[in-house]
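Structure, as structure tokens:
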Amino acid sequence: MSQIKLQPPRGTRDLIGEEFRRHHRVIKTARRISALYGFEEWATPIFEDTRVFARGLGETSDVVSKEMYEFQDRGGESVTLRPENTAGVCRALVSGGLTQSLPRKVFYAGPMFRYERPQAGRYRQFHQIGAEVLGAAEPLADAEVIACGYHIIRELGLDEGVILEVNTLGDAESRDAYRAALIAHFTAHRDKLSEDSQRRLEKNPLRIIDSKEAQDRALVAEAPTIEPFLTEKARAHWDALRRHLTTFAVPFRENPRIVRGLDYYSHTAFEFVTDRLGAQGTVMGGGRYDGLVEEMGGPPTPSVGWAAGVERLAMLMEKAGLTPAAPRLVTVIPVSDAEEGVALNLLQSLRAAGLGAEMGYRGNLKRRMERANKQGARAAIIIGETEAAAGVAQLRDLDAGTQEQVPFTALVERLKK
RNA sequence: GCGGUCGUAGCUCAGAUGGUAGAGCGCCAGGUUGUGGUCUUGGAUGUCGCGGGUUCGAGUCCCGUCGAUCGCCCCA
């Protein structure tokens, strides 16, 4: 026996029982709904050439500068556990020559990795589902991808506590002008900014408008909005997006403070947020990224998509009392070894008929009944010497506590009712 | 990378001012050798996270360390 108490590595967790069922429900629902919208599921590698992320996400983003699980493999290549999947999908699009047939709608689900301090709703290994429309510049694509995300959230029963916030970041021209205006505004009041925001001023001035610091709020309130800096094209995109969302009957709120963390976004930025998860308010987030495929060596391919945190959605389900119930099986119980063969035949015929059924490996009748009960079985099928001889079973309803004799041949029918 | 809080049984937790550890749930066995869930009787369970210090004596006080958790940064 080992003396060491092994635990899952920091920021990772085991998904067992209720936790797994919530997790699984999220992914299964997202798969089903995204398919209704014409998204095709892809699976890309869990690790990639480090350049896929370094180039795709922007060298200065926190994800790249301090959160990557990067290492040298035995061949000396620098590889990185994916911190998100959009860059990988774009790389796959290019690697596979799929830029020949656009647009494409892609769905994915899987683990992501970021080296961060864990806290509520944030883990080092976490899971995301995501949807991307690749090769469509039309604002209708933005609206449809958002509608799909909203549909998933609604299907999970989480739409009440979650609200969609949208914003536009404009195109490159709009944003450059806006950025310059922000820098001018905040530089004029530099000494009044929080320490963090002074740093942001150098690194990512847009982020200041998202600051939670009280001392920044006043300055942010006076700061210019992007609205007047939008080019005609950017404004048209923004107007069309909101119009389409309304047509899709997706409720939303405009929030000019939404700034996405990764460098590749332009035009549409959105978040589905909640106030029920402590500091981790964003449950699904995304936007338009028109330059990313090019970064991966492909042709200009305007795209839009989102990613959602499975853990966060699962936590919301838990809080809302929406944990899926465990499946309830039927337990077959032979009273003695002599009935084992008959019981096994019956067991397999139940399974063949599509009924979830189990039979314990050992134990007397009492122990097997206890076990059936503990596992939440809905019924027990008890076969003793006299039953085996007569081709019947005692069918016991474990909820009602009632018991009746049923011929083997009628069991499936009886249990399916 | 930074800050707050917390580590006692499988789980949830109690253990004022230091005097060699407790409850509930769960688990095991009996009451019921062809019947669970209810009821009832009994039982087992801990290097009190780890290391060091103070003390006659530390779960309790001090230092360190590891872990968990919440928050900052950032993000799903």
Side-chain angles (χ1 to χ4, degrees), chain A residues 3-13 26 57 60-67 82-86 109-130 149 162 194-197 199-200 203-204 207 210-213 258-262 270-274 277-286 305-316 331 333-336 338-339 360 363-388 393-403:
Chain A
Q3 302 286 319
I4 314 162
K5 194 174 171 189
L6 259 19
Q7 291 183 319
R10 170 163 242 198
T12 68
R13 352 179 271 153
V26 170
L57 311 191
T60 60
S61 69
D62 271 35
V63 171
V64 171
S65 56
K66 62 176 194 187
E67 295 171 3
R82 61 186 188 192
E84 55 98 60
N85 205 195
T86 303
M112 310 293 159
F113 305 84
R114 290 181 198 175
Y115 191 87
E116 298 182 271
R117 282 286 284 271
Q119 62 192 73
R122 165 186 296 178
Y123 306 95
R124 287 185 173 182
Q125 174 175 338
F126 60 107
H127 297 79
Q128 287 188 330
I129 50 175
V162 175
S194 66
E195 216 174 291
D196 281 332
S197 288
R199 189 173 44 75
R200 292 184 181 114
K203 215 172 115 182
N204 192 351
R207 277 233 88 90
D210 193 28
S211 174
K212 291 173 193 160
E213 292 285 336
I258 290 184
V259 193
R260 305 252 68 230
L262 308 177
F270 60 91
E271 294 181 353
F272 286 86
V273 297
T274 179
L277 290 183
Q280 267 58 54
T282 303
V283 108
M284 177 183 286
W306 51 255
V310 177
E311 281 78 2
R312 292 181 185 179
L313 290 169
M315 281 169 79
L316 285 178
T331 299
I333 302 178
V335 173
S336 74
E339 288 83 48
N364 58 23
L365 176 56
K366 183 180 166 69
R367 189 175 298 285
R368 285 168 186 260
M369 285 295 287
E370 281 172 354
R371 176 119 178 121
N373 187 62
K374 218 172 292 173
Q375 300 209 312
R378 53 190 261 243
I381 293 173
I382 302 158
I383 304 163
E385 192 181 350
T386 53
E387 285 84 3
Q394 297 298 330
L395 175 62
R396 185 174 183 84
D397 182 318
L398 292 178
D399 292 326
T402 56
Q403 190 166 314

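In what follows, chains carry the letters A, B, and so on, assigned in the order in which the sequence lines appear, proteins first and then strands, with residues in each chain numbered from 1.
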Does [N] have a Watson-Crick or wobble mate here (both distances under 3.5 Å), and if so which one?
N	result
A23(B)	U12(B)
C61(B)	G53(B)
G36(B)	none
C48(B)	none
G1(B)	C72(B)
C28(B)	G42(B)
G67(B)	C6(B)

- Any R117(A) side-chain heavy atom under 4.5 Å of R10(A) side chain: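 The answer is yes; the side chains approach within 4.5 Å.
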- Message: Run R122(A) and E116(A) through salt bridge (Lys or Arg N to Asp or Glu O under 4.0 Å) and show every step you take.
- Response: CA-CA 8 Å; R122(A) 165 186 296 178; E116(A) 298 182 271; 3.6 Å; yes
- With nearest nucleotides of RNA chain B determined for R10(A) and G309(A) from heavy-atom distances, which residue corresponds to the more 5′ nucleotide? R10(A)
- Note on the structure: The answer to which of R117(A) and R122(A) contacts RNA chain B further toward the 5' end, by nearest nucleotide, is R117(A)
- Task: Write down the distance between CZ (R371(A)) and C1' (G37(B)), rounded to a whole number of angstrom.
- Result: 16 Å
- Item | Rounded distance in Å - CZ (R312(A)) to P (C74(B)) |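 So the two atoms are 14 Å apart, to the nearest Å.
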- Item | Axial cation check for F113(A) ring with R82(A), 6.0 Å and 45° limits |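 That pair does not qualify as a cation-pi contact.
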- Query: Counting only distance, no hydrogens or angles, is the base of G37(B) paired donor-acceptor with the side chain of N373(A) under 3.5 Å?
  - Reply: no
What's [X] touching, base or sugar-phosphate or nothing? Going by heavy atoms closer than 4.0 Å.
X	result
Y115(A)	nothing
G130(A)	nothing
N364(A)	nothing
E116(A)	base
A372(A)	nothing

- Do E387(A) and Q394(A) have a side chain donor and acceptor closer than 3.5 Å? yes
- Item | Flag for T282(A)-E271(A): side-chain donor and acceptor within less than 3.5 Å |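 Yes, T282(A) and E271(A) have a side-chain donor paired with an acceptor closer than 3.5 Å.
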Separation of the [atom1] atoms in [N] and [M], to the nearest angstrom:
N	M	atom1	value
U12(B)	G46(B)	C1'	16 Å
A9(B)	G4(B)	C1'	29 Å
U17(B)	U60(B)	P	11 Å
C61(B)	C6(B)	P	10 Å
G31(B)	C25(B)	C1'	22 Å

Under-3.5 Å N/O pairs linking protein and nucleotides 28-35 of chain B:
from, atom 1, to, atom 2, distance (Å)
A29(B), OP1, R367(A), NH2, 2.6
G34(B), O6, T386(A), OG1, 3.1
G34(B), N1, E387(A), OE1, 2.8
G34(B), N1, E387(A), OE2, 3.1
G34(B), N2, E387(A), OE2, 3.0
U35(B), O2, R396(A), NE, 3.4
U35(B), O2, R396(A), NH1, 3.4
U35(B), O2, Q403(A), OE1, 3.2
U35(B), N3, Q403(A), OE1, 3.0
U35(B), N3, Q403(A), NE2, 3.1
U35(B), O4, Q403(A), NE2, 2.9

- Anti versus syn assignment for A16(B), with syn defined as within 90° of 0: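 You should classify A16(B) as syn.
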